[in-house]
Structure formats: structure tokens, C-alpha cells
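The block underneath contains the structure these notes are about, expressed in C-alpha cells.
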Amino acid sequence: RSDVMLTCNSLRISVAVSALLLVLGLVLELAAEAKIFSVATGYLGFFALLAAAGVLGVTLMMSLLPGTSKRLSECQH
């Protein structure tokens, strides 16, 4: 199925989304610790950190699928 294939572009996007979620989660957690925002901000930061790990984990699992490594080996780093 071509709709779930991991391409060079989708790999870059998923890593960038994961990094942005990680930064967002850290900022929200620090804001919650400093009591700048409510407790809900801490939960939102926690879920952003979990989502960052989840996106990266799913990307890793998709990159391990058969046939994907050959397609990704042609990516320019």
C-alpha cells in the first residue's frame, strides 16, 4: 500500500514533528513548574512528551518494515 509508505520526506517531517512536540512538552512542563499556567498545562506538556516519543517510535517501526530500508537508503542526509 502506497499510503503507508515511509519516504524520505515523510521521515524528515515525522522527526521534525517529534522534535517540536518534545520542545513544546518541555516548555509547557517548565511553565507548569514555575506556576505560570495552571496544572492542566503540566498535563498537556506530559502528553506532548508522550506524543513525541510515540511519533518517533512509530517512525522507527515503519522504517523497519521490509522494503523500506532500500527506499530510505537513497535519502540524502
Side-chain angles (χ1 to χ4, degrees):
R1 292 177 25 158
S2 63
D3 57 344
V4 293
M5 282 189 185
L6 190 63
T7 63
C8 298
N9 193 33
S10 61
L11 180 67
R12 284 187 203 103
I13 290 171
S14 63
V15 170
V17 166
S18 178
L20 288 173
L21 284 170
L22 180 68
V23 170
L24 175 68
L26 289 174
V27 167
L28 289 174
E29 282 292 322
L30 290 174
E33 284 293 319
K35 301 199 182 354
I36 296 174
F37 296 109
S38 68
V39 175
T41 306
Y43 286 117
L44 189 60
F46 176 71
F47 289 127
L49 290 171
L50 284 179
V55 167
L56 208 55
V58 168
T59 303
L60 172 67
M61 292 300 140
M62 288 181 67
S63 69
L64 295 176
L65 290 174
T68 307
S69 62
K70 182 177 187 273
R71 190 172 47 254
L72 292 179
S73 67
E74 300 168 357
C75 293
Q76 295 177 355
H77 299 333

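What you are looking at is a predicted structure, and each value in this text was computed from that prediction instead of being measured.
Counting only residues at least two apart or in different chains, side chain to side chain donor-acceptor pair (under 3.5 Å) contacts with residues 17-28 are absent. Listed by first and then second residue, the side chain to side chain donor-acceptor pair (under 3.5 Å) pairs that reach into residues 44-56 come to none, sequence neighbours excluded.
Chaining together hydrophobic side chains whose heavy atoms lie under 4.5 Å apart places Leu44 alongside Leu24, Leu28. Think of Leu49 as one node in a network of Ile, Leu, Val, Met, Phe, Trp and Tyr side chains linked at under 4.5 Å; its network also takes in Leu22, Leu26. Side-chain contacts under 4.5 Å among hydrophobic residues (ILVMFWY), followed directly or transitively, place Phe46 together with Val39, Tyr43, Phe47, Leu50.
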Just distance, no hydrogens or angles: give the donor-acceptor pairs under 3.5 Å from side chains in residues 55-64, sequence neighbours left out.
{"residue": "Thr59", "atom": "OG1", "partner": "Ser14", "partner atom": "OG", "Å": "3.2"}
{"residue": "Thr59", "atom": "OG1", "partner": "Val55", "partner atom": "O", "Å": "2.8"}
{"residue": "Ser63", "atom": "OG", "partner": "Thr59", "partner atom": "O", "Å": "3.4"}
{"residue": "Ser63", "atom": "OG", "partner": "Leu60", "partner atom": "O", "Å": "2.7"}

